[in-house]
Amino acid sequence: MLKTMHPIAGALALVLITTFWLSTVMAEVFAGPELVALVKAAIPWGFLLLVPLLALAGLSGFRLAGKMRGPLVVAKRRRMPIIAANGILVLIPCALFLASKAEAGAFDASFYAVQAIELVLGAVNIALMAMNMRDGLRMKGRRR
């Protein structure tokens, strides 16, 4: 069961985070403040799905890895605390701040400064999660 749940939860979490990131960029580049506010309001609601997916992926990954010590397992274990800390300490607070600012229509310098931080660190998390997925596929022999 864990062998099925882990990759599904991880892939869905990665897709969801990427969707948040791309929606933000697309709304800023191609739409007006109304759509930006809508995107920023929707993202915290997405946490209701994202947080359990990330928890399931993380816990199942640790259970599956057990006492394995191969280089791919070690690399994945090193990335996970960075991904988690980045999400919990930076990205979630940024998203909540941006949602409140957007709801108030306050697209000021602080909004864009926090959004820049969110986009950069969101891209970092996407890259780290993609590397974990790549290494997981390598461990299963599905990718070289």
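Numbers for residues simply follow the sequence, beginning at 1.
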Hey, does [Y] have a side-chain heavy atom less than 4.5 Å from the side chain of [X]?
X     : Y      : result
Ile43 : Thr24  : yes
Arg79 : Asn125 : no
Ile83 : Asn132 : yes

Do the side chains of [X] and [Y] join up, straight or via other hydrophobic residues, at under 4.5 Å, putting them in one cluster?
X     : Y     : value
Phe20 : Trp45 : no
Val15 : Ile8  : no
Trp21 : Met26 : yes
Ile82 : Ile17 : yes
Met5  : Leu64 : yes

Atom pair CE/CZ of Met1 and Arg63 - distance to nearest 0.5 Å:
12.0 Å
Atom pair CG/CD1 of Leu121 and Ile126 - distance to nearest 0.5 Å:
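It comes to 11.0 Å.
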Check the pair Arg77, Arg69 against side-chain contact (heavy atoms from CB on, under 4.5 Å), reporting the backbone distance first and the verdict last.
CA-CA 10 Å; Arg77 281 190 174 144; Arg69 297 285 176 223; 2.7 Å; yes
Can you sort out the partners of [X] under side chain to side chain donor-acceptor pair (under 3.5 Å), two or more places apart, ordered by chain and number?
X      : value
Ser60  : His6
Glu118 : Lys40
Thr19  : none

Residue pairs passing the salt bridge (charged side-chain N to carboxylate O under 4.0 Å, His left out) test with at least one member in residues 100-116, sequence neighbours excluded, are Lys101-Asp108
Any donor-acceptor N/O pair, Asp135 side chain to Ala75 backbone, under 3.5 Å
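No.
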So which heavy atom on [X] is nearest to which on [Y], and how close?
X      : Y     : value
Gly122 : Leu91 : N-CD2, 3.7 Å
Gly87  : Pro93 : O-CD, 4.2 Å
Ala41  : Pro44 : O-CD, 3.5 Å
Ala9   : Leu53 : CB-O, 3.6 Å
Ala13  : Leu54 : CB-CD2, 3.6 Å
Thr18  : Leu14 : OG1-O, 2.8 Å

Identify, with sequence neighbours excluded, every residue that meets salt bridge (Lys or Arg N to Asp or Glu O under 4.0 Å) alongside Lys76.
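None.
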What pairs of residues pass the ring pair (Phe, Tyr, Trp, His ring centres under 6.0 Å) test when at least one of them lies in residues 54-110, not counting sequence neighbours?
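Passing the test, one end in residues 54-110: Phe107-Phe111.
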Could you tell me whether Leu96 atom CG has more than 12 heavy atoms of other residues or ligands within 6.0 Å of it?
yes
